[in-house]
Number of protein chains: 2
Amino acid sequence: MVTIRDVAKLAGVSVATVSNTVNDPQRVSDELRERVLKAINTLNYAPRAAARSLRKQSSGLLGLIVADITNPFFTELVQAVEAIASQHGYSVLLCNSDEDPVREEKHLQVLRSQWVDGIILATTGEASLSRTSLLSQSRVPVVLVDRAFDGLGLDAVVLNNRLAAHQATQHLIRRGHTRIGLLSGPTSVTTGADRLAGYREALLASQLRFEPGLVREAGFREQQAYDATVELMRLPQPPTAVFAANNLMAIGMMRALSDLGLRCPDDVSVISIDDFAWANVFRPKLTTIAQPVREMGEMAVQLLTDRISGGRTGTGKTHFLESRLVIRESCAAPLDTAQPLPAQSS
Amino acid sequence: MVTIRDVAKLAGVSVATVSNTVNDPQRVSDELRERVLKAINTLNYAPRAAARSLRKQSSGLLGLIVADITNPFFTELVQAVEAIASQHGYSVLLCNSDEDPVREEKHLQVLRSQWVDGIILATTGEASLSRTSLLSQSRVPVVLVDRAFDGLGLDAVVLNNRLAAHQATQHLIRRGHTRIGLLSGPTSVTTGADRLAGYREALLASQLRFEPGLVREAGFREQQAYDATVELMRLPQPPTAVFAANNLMAIGMMRALSDLGLRCPDDVSVISIDDFAWANVFRPKLTTIAQPVREMGEMAVQLLTDRISGGRTGTGKTHFLESRLVIRESCAAPLDTAQPLPAQSS
DNA sequence: CTATATACTTGAAACGTTTAAAAATCTCCC
DNA sequence: GGGAGATTTTTAAACGTTTCAAGTATATAG
């Protein structure tokens with residue numbers, strides 16, 4: 001194990017000089033810098049982060065907690081955050097809560113004791129008491145992403161979910177649909193609640209009735225969406241179009257439709273929030289509402305580093321980013337002849 | 001900032017006792033333990049990882065470097081590694097090299113100075129000199145995953161790539177194909193080279209000629225696969241089936257076929273390595289060779305923690321895991337009437 | 001009652017850096 | 001040659017833990 005002392009000895013200087021050449025090279029004379037650098041190289045010295053963090057009271061680590069690493073949205077977010085953080089000289093400690101509040105809290109605890117310099121959090125659920133206190137007590141800057149929290153005064157960067165859902169629903173309405181199903185996320189998280197709200201607004205704006213029977217609340221996962229779709233389609237009067245609140249749910253829905261022998265967009269039109277790399281390899285190519293994922297990541301990191309450096313203080317605000325409608329092939333006009341499915345036989 | 005001293009003072013004990021109750025509770029009497037725990041709670045004390053690492057000479061961090069976080073294979077790997085590592089009490093420092101050897105090396109440097117306790121590496125390229133020396137010089141345990149290295153004596157857990165490719169190619173042959181294209185990964189990494197080898201072997205085993213003109217080497221990314229597919233299909237005698245060396249390439253291929261107006265599996269059959277959650281939402285559902293991704297992750301972590309604990313020493317070996325053929329809809333018998341595409345008109 | 005073993009507790013020395021302040025060296029001018 | 005000022009280097013004190021050796025109290029045996 002080679003320490004700064006070994007380097008100092010080999011170069012014939014004090015440890016302070018070594019430290020200086022590493023951290024602030026122009027403070028040391030050309031000659032010594034030369035010698036020190038050479039010593040560092042021959043010894044293959046790397047400063048020990050733990051010691052440095054201890055002394056500097058900062059770790060150079062950013063914590064990133066995502067709700068589901070399997071979801072391409074979060075994957076892209078991770079990619080963006082990692083890239084930008086790295087540019088800022090930070091490494092990222094990735095945590096995956098798998099949509100489980102308990103795991104999320106555990107991760108939060110770990111990050112707290114790792115003394116990360118800041119946390120980017122895509123939270124999994126409503127503001128539970130323990131998490132809230134965890135967040136408010138620890139003095140490490142936190143910025144929320146994708147899913148917001150109210151009341152803690154944290155910075156957040158999220159999609160304008162209401163508008164996005166409005167956009168999606170409206171698109172369906174414009175194609176002539178009047179019975180539009182919604183595969184909603186859990187309304188306990190803002191992405192769930194706001195998208196539901198946007199859907200309702202769009203309906204109302206077009207003088208369409210909001211029918212609770214046409215919305216199914218499910219987790220943001222595929223299987224539940226599958227089941228919900230089946231239920232929806234077995235209604236006496238099934239919807240002619242369905243809006244899925246995120247990408248995973250869209251996939252569950254597509255699979256269900258396919259298993260039910262329903263054709264998209266012929267039998268039922270489909271739209272969803274979250275564009276993703278493969279949306280256009282599906283048959284039909286999926287019409288989606290795209291989120292500016294990379295921007296979200298960038299903004300989150302920026303906000304966070306601003307906080308860390310002290311350039312940003314006071315209570316945070318929520319930053320809304322705009323969505324974009326990507327029209328492909330999964331939305332068509334409703335079939336006038338649409339009939340309910342036969343009742344389940346098994 | 002609350003330190004162990006504050007806790008000690010409040011509880012009226014020495015810091016050593018606090019440390020003991022945290023790390024080895026049964027060493028301290030019930031009474032004191034009680035008092036200390038209460039103090040910890042009221043002060044909301046969390047030990048500082050940096051200080052602990054410094055003293056214990058271990059950080060509780062595992063480094064994980066993946067080649068492409070956007071690839072569902074790696075996503076699943078990350079998920080598995082994170083889960084298991086967390087069970088073992090480790091947090092994971094995620095790095096994404098984006099298939100760029102330079103970034104990979106940079107990450108390796110960072111991990112080295114973070115003094116992670118171990119590294120799981122899905123390397124990006126061949127054993128470059130600097131990376132090799134980086135790996136061999138630092139005394140932190142490394143296990144390779146997905147892509148192996150020879151010569152450094154590292155533990156590695158990889159797919160039996162030769163066999164997997166053999167399996168895929170054979171499946172196509174059994175369906176009656178004789179002109180089988182290959183979208184190969186870079187042969188500079190083992191996953192590229194071995195899959196190519198397996199393809200060749202399967203051909204030879206069935207007395208089919210290996211035609212270099214039918215294999216296109218590309219990165220493991222989508223766009224290059226797209227371009228390669230277009231080239232392949234514009235050959236005077238295009239293949240009637242194509243084997244893509246990984247999931248991303250399969251997607252690029254599907255997109256290309258669709259853009260070329262070719263139908264799968266009617267016009268061309270398709271198979272690929274890497275099963276992924278959505279392979280069966282594609283139309284047609286993709287026939288694939290599935291990797292036991294989670295097992296790979298588990299095994300890698302296990303191997304690593306064994307090394308860390310000293311339970312495993314000496315030069316490592318490569319562990320091969322077996323693949324599984326998942327038959328869906330993308331492979332059919334070749335069209336006897338297959339004709340070359342018309343030459344490019346634009 | 002003493003000696004000895006046992007069970008807890010604690011003082012103090014690490015761990016490897018950074019950094020303020022002190023010391024040393026250099027520069028330049030009178 | 002001396003000294004003010006600027007520049008460079010070094011000394012030494014942190015940072016917050018863990019952990020060993022040493023200490024104290026308590027029980028057990030003789």
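Each chain gets a letter, A, B and so on, in the order the sequences are listed, and its residues count up from 1. When reading the values below, keep in mind they use all heavy atoms of this one structure, side chains included, and skip hydrogens, waters and symmetry mates.
The nearest whole Å value for the distance from the CZ atom in Arg48(A) to the C1' atom in dT17(D) is 14 Å. Computed from coordinates, the Asp30(A) CG to dC26(C) C1' distance equals 15 Å when rounded to whole Å. Rounded to whole Å, the distance from CD on Glu31(A) to C1' on dC26(C) is 13 Å. Rounding to whole angstrom units, CG of residue Asn20(A) and P of dT19(C) are separated by 9 Å. Atoms CG (Leu32(B)) and C1' (dA7(C)) sit 12 Å apart, rounded to a whole Å. One interatomic measurement links the two molecules: CZ of Arg33(B) to P of dT10(C), which rounds to 15 Å at whole-angstrom precision. Rounded to a whole Å, the NZ atom of Lys56(B) is 7 Å from the P atom of dT18(D). Here the C1' atom of nucleotide dG16(D) and the CZ atom of Arg52(A) are 18 Å apart, to the nearest Å.
Proximity of a side-chain donor or acceptor of Arg147(A) to a complementary backbone N or O of Thr123(A) within less than 3.5 Å is detected. A donor-acceptor pair under 3.5 Å is formed between the side chain of Arg35(B) and the backbone N or O of Ala11(B).
An end-to-end axis angle of 60° holds for the helix from dC1(C)-dG30(D) to dC30(C)-dG1(D), taken from five base pairs per end and rounded to 10°.
Within residues 3-15 of chain A, the residues having any heavy atom closer than 4.0 Å to DNA chain C are, in order of number, Thr3(A), Ile4(A), Arg5(A).
For the atom pair OG1 of Thr21(A) and CG of Leu37(A), the computed distance is 6.0 Å after rounding to the nearest 0.5 Å. In this structure, CG in Leu94(B) is found 11.0 Å from CD in Gln79(A), a value given to the nearest 0.5 Å.
A close approach under 4.0 Å does occur between a side-chain nitrogen or oxygen of Asn23(B) and OP1 or OP2 of dT18(D). Applying the 4.0 Å criterion to OP1 and OP2 of dT9(C), one finds that Thr17(B) has every side-chain N and O outside that range. The phosphate of dT18(C) has neither OP1 nor OP2 within less than 4.0 Å of any side-chain N or O from Gln57(A). For Ser19(B), a side-chain nitrogen or oxygen approaches OP1 or OP2 of dT18(D) to under 4.0 Å.
At the heavy-atom level, Ser29(A) lies under 4.0 Å from the strands shown only through sugar-phosphate atoms.
Side chains of Arg5(B) and Lys9(B) form no contact here, defined as non-hydrogen atoms less than 4.5 Å apart.
The base of dT18(D) lies close enough to the side chain of Arg55(B) for a donor and an acceptor atom to sit less than 3.5 Å apart.
Ion pair Asp155(B)/Lys317(B) not flagged as a salt bridge, since none of the NZ, NE, NH1 or NH2 atoms sits closer than 4.0 Å to an Asp/Glu carboxylate oxygen. One finds a salt bridge joining Arg221(A) and Asp98(A) here, because a Lys/Arg side-chain nitrogen approaches an Asp/Glu carboxylate oxygen to under 4.0 Å.
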